[in-house]
Engineer: 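Okay, here's the structure, questions in a sec.
Just so it is clear: chains get the letters A, B, ... in the order the sequence lines come, proteins before strands, and each one is counted from 1. Every heavy atom of this structure was used, including side-chain atoms; hydrogens, water molecules and symmetry mates were not.
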Amino acid sequence: MEIFRIFTDRFFNNKDNMKFTKAFIPTLKEVPNDAITPSHILMLRAGLVRPIGAGIYSFLPLGYKVVRKVSDIIREEMDAIGGQEFHLPALNPREIWEETGRVEAFGDILFQVKNRDYVLAPTHEEIMTFHARRVVTSYKELPQIWYQIQTKFRNEARPRSGVIRGRQFLMKDAYSFDSSKENLNKSYDLHDGAYRKIFDRCGLKYFIVGASSGAMGGSGSEEFMVKSDAGEDTVAYCEACGYAANVEVAKSKVQPLQREGESKEVYEISTPDVKSIDELCAFLQIDETKCAKSRVYIADGLPVLVLMAGNDEVNETKLEKVLGGVRPAHPDELKAITGADAGSIGPVGFEGRIIADLRLKDLNNMFSGANKNDYHIGGIDFMRDVTGAEFFDLRTVQSGEECPRCGKPLEVFTAIELGHIFKLGTKYSEAMGALFQDEKGEEHPIIMGSYGIGVERVIACYIEQHNDEKGIVWSTKLAPYKVHLLALNMKSELISGTANGIYEELRKAGVEVLFDDRSEVSAGVKFNDADLLGMPVQVIIGEKKLKTGQVEFKIRATQERRDIPLEEVVKECVNFEF
RNA sequence: CGGGGCGUAGCGCAGCCCGGUUAGCGCGCUUGGUUCGGGACCAAGAGGUCGGGAGUUCAAAUCUCCCCGCCCCGACCA
């Protein structure tokens, strides 16, 4: 019995409670030299993580508690849709990866073990499919949803922004196995719902981008993203209706340009030193919508002139949809092809394919380069003078343009991808021979889906969205500890006795509490550390208030403080939610 | 992989251009004392292969070359 009591004592002490004097929480007063991104700075300053190499981080005890909170939320929601958790090896025989051709596909991104034919898994489609094949063989055993929350390895060329893009990172990935497209849709929708719940519970402001799943070989997919300067994707987003698209494919309603009544004759203008559209407009006193900007690309070894209205930017992804692979022409090629340098190129007299943005269709009295340095041409009529041109949507959407769905202004910004769900289809099951028999006894490849969440990104994004000049602002859902108990002067027996008492009571009440019991630091240090670490509630025990039987209850998020009677502290802490 | 920046005590930095005592400063750390509600004070200390190697020189943190590491921009991103 006694042994049991000691055991549970230790258990509770270690699991839910901590005294600052015993804890390893190395906070930093100054901003570390290597950190730029707010979440990165705060994760280092608050002692959540430490770097050990480029893109490689150790999670310290406080940070790991947050990892567990996020993981638990993910686990609960995955289990709720019937997911079953696996624990898979990170070390994989290379031959499994060769079955699907992905050693080649990943290329240098795949870490290869030097002294044995192993790779470090960057994801787990192959391993999960390996477990399904020849074991899950009947439609009666489907569907299955399998997931894991584990470390992945990718030899990123440039790790950045702390934990946001690392060479080693924690990822939840799930794989669904179904017997039909309809059933895949059901699995996909289940994940869609689960992901919304997960990110909602984590307190993240996110949005969803529909995207093509590219080389993964899937059809339908959605990306869960959050706005961030540390983001790697540029997206167009409409707050009003939720329209969101990668800027590579985003559309907008732009003002259509009107053909003028009468077409002038084509005429040449001397424009010395005029290179840009802005310079041309200033020089000729015209609006940029009267200009056609020229860009020369090489597609299939042949030059193609691409025309855009005014300062519209060519969207190379859209261009590639029309032309296949393209590259911009080199400066010396420009001269050879057109006879002029960049800034003086135009459609009139251009020999070769011309494709133009839809905005330019049927316009007249336009200005463009003359294919002769320091000259431009006016009076261009696209119907008369550029007869061979083909028209496509080629422009890059800009902030402030109207949403194609609801007409409200779009915002263009960078974002971080937190999660991605997509319908894989049979790419892996076919390559690896994961087959099932249907009701008629016919064999088919299992239809798969794949669903990922970057666990550390959830944490970093949460911090990006919830911090102030003092530090992190945790919600009760993710906070390492719910309550930060500060005893201002531990050398006062009244204070230390009271604080210890509250600490014990909170512990018994099941409240996770971090107790700053340091006697050698001043009150200011404790306040600042508490604000930096960001636990939702601070309970402050000071001499003056304690003499009237009161302690201070401070809410980190709002900085709101109020005095409450000593007897009510535990109850207040238990009931607090944020 | 291209471009830029940085590397000096645990952290943040100065010194380098223009070579020359014992390599400094702030914070942190150790010991003793005072203080105790918003990053206290006094006193005494500990702590350095100046990223590594080679070279120039009577002499290198400082000049030259090579290498390594980290950060930022770009390319890339199933």
Engineer: What does A:K526 touch in the nucleic acid at a heavy-atom separation under 4.0 angstrom: a base, only the sugar-phosphate, or nothing?
Structural biologist: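 Contact class for A:K526: none.
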Engineer: With rounding to the closest Å, how many angstrom separate the C1' atoms on B:A46 and B:U56?
Structural biologist: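 To the nearest whole Å, 37 Å.
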Engineer: Base, backbone or nothing for each nucleotide of nucleotides 1-6 of chain B, written B, S, -, heavy atoms under 4.0 angstrom, 5' to 3'?
Structural biologist: ------
Engineer: If the P atom of B:G26 is compared with that of B:C41, how far apart are they to the nearest Å?
Structural biologist: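 Rounded to whole Å, the distance is 12 Å.
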Engineer: Could you note down all residue pairs passing side chain to side chain donor-acceptor pair (under 3.5 Å) where residues 104-114 of chain A supplies at least one of them, sequence neighbours left out?
Structural biologist: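 Every pair satisfying side chain to side chain donor-acceptor pair (under 3.5 Å) with a residue in residues 104-114 of chain A: A:R94-A:Q112.
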Engineer: Out of B:G38, B:C71, B:A40, which has the shortest distance to the side chain of A:K554?
Structural biologist: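 My answer, after comparing the listed nucleotides, is B:G38.
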Engineer: Roughly how far apart, to the nearest Å, are B:A44 and B:G5 at atom C1'?
Structural biologist: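 After rounding to an integer number of Å, I get 41 Å for this pair.
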Engineer: Is there a donor N/O on one and an acceptor N/O on the other, under 3.5 Å, for the side chain of A:N489 and the base of B:G37?
Structural biologist: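 No pair found.
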Engineer: Is the A:Y481 to A:W474 ring centre distance short of 6.0 Å?
Structural biologist: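 Centroid separation for A:Y481 and A:W474: 6.0 Å or greater.
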Engineer: Of the candidate nucleotides B:G28, B:C71, B:C36, which contains the atom at the shortest distance from the side chain of A:K29?
Structural biologist: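 It is B:G28.
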Engineer: Describe the nucleic acid contact of A:S161 in one word from base, sugar-phosphate, nothing, applying a heavy-atom distance below 4.0 Å.
Structural biologist: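 Sugar-phosphate contact only - A:S161 comes under 4.0 Å of backbone atoms but never of a base.
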Engineer: Quantified in whole Å, what is the C1' atom distance between nucleotide B:G47 and nucleotide B:A23?
Structural biologist: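 Going atom to atom, C1' in each nucleotide, I get 14 Å.
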Engineer: When rounded to the nearest Å, what value does the distance between C1' atoms of B:C18 and B:U22 take?
Structural biologist: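 Their C1' atoms lie roughly 23 Å apart.
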Engineer: Within the 4.0 Å heavy-atom criterion, would you say A:D233 contacts the bases, only the backbone, or no part of the nucleic acid?
Structural biologist: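 Counting heavy atoms under 4.0 Å across all strands, no contact is made by A:D233.
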Engineer: Which of these nucleotides, B:G37, B:C70, B:G38, is closest to any side-chain atom of A:E552?
Structural biologist: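 That would be B:G37.
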Engineer: Taking any strand in view, what nucleotide pairs with B:A9 in a Watson-Crick or G-U wobble way, both distances under 3.5 Å?
Structural biologist: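 Base-paired to nothing in any strand shown.
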Engineer: Taking atom types as modelled, is there a side-chain donor on A:Q148 or A:E85 under 3.5 Å from an acceptor on the other?
Structural biologist: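 A:E85 and A:Q148 do not have a side-chain donor-acceptor pair below 3.5 Å.
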Engineer: Between the side chains of A:Q538 and A:D531, does any donor sit under 3.5 Å from an acceptor?
Structural biologist: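 Present: a donor and an acceptor within the cut-off.
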Engineer: Is A:K545 salt-bridged to A:D563, going by a charged N under 4.0 Å from an acidic O?
Structural biologist: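 Judged by the 4.0 Å cut-off on N to carboxylate O distance, A:K545 and A:D563 do form a salt bridge.
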Engineer: C1' atom, B:C50 versus B:U34: distance in rounded Å?
Structural biologist: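 That atom pair is separated by 38 Å.
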Engineer: Over all strands shown, is A:L488 touching base, sugar-phosphate only, or nothing at heavy-atom distances under 4.0 angstrom?
Structural biologist: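 Base, at least one base heavy atom under 4.0 Å.
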Engineer: Which nucleotide in the set B:G39, B:G26, B:G38 lies at the smallest distance from any side-chain heavy atom of A:R45?
Structural biologist: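 Closest nucleotide to the A:R45 side chain: B:G39.
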Engineer: Between B:G7 and B:U62, how far apart are the two P atoms, rounded to whole Å?
Structural biologist: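 The answer is 12 Å between these two P atoms.
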Engineer: Is A:E543 side chain donor-acceptor paired with the B:G37 base, going by distance under 3.5 Å alone?
Structural biologist: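 Answer is no: no donor-acceptor pair is held.
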Engineer: Does the ring centre of A:F413 sit less than 6.0 Å away from the ring centre of A:F207?
Structural biologist: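 A:F207 vs A:F413: aromatic centres under 6.0 Å.
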Engineer: Output the single nucleotide from B:C71, B:G37, B:C77 whose closest atom is nearest the side chain of A:R165.
Structural biologist: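 Of all the options, the side chain of A:R165 is nearest to B:C77.
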Engineer: Tell me what A:D529 touches on the nucleic acid: a base, only sugar-phosphate, or nothing, going by heavy atoms under 4.0 Å.
Structural biologist: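 Since a base atom lies under 4.0 Å of A:D529, the category is base.
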Engineer: Kindly indicate whether the side chain of A:E30 and the base of B:G26 share any N or O donor-acceptor pair separated by less than 3.5 Å?
Structural biologist: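 Flag set: donor-acceptor pair detected.
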Engineer: Strictly under 6.0 Å, is that where the ring centroids of A:W146 and A:Y175 end up?
Structural biologist: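 When the ring centroids of A:W146 and A:Y175 are compared, they turn out to be at least 6.0 Å apart.
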Engineer: Please confirm whether the ring centroid of A:H124 lies under 6.0 Å from the ring centroid of A:Y147.
Structural biologist: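 Here the rings of A:Y147 and A:H124 have centres that are no less than 6.0 Å from each other.
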Engineer: What's the closest nucleotide to the A:R561 side chain, out of B:G38, B:C71, B:G74?
Structural biologist: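 Closest nucleotide to the A:R561 side chain: B:G38.
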Engineer: Which part of the nucleic acid does A:K545 contact within heavy-atom distance under 4.0 Å: base, sugar-phosphate only, or nothing?
Structural biologist: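 Base contact.
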Engineer: Sticking with atom C1', work out how far B:G48 lies from B:G15, rounded to a whole angstrom.
Structural biologist: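 Per the computed distance, 15 Å lies between those C1' atoms.
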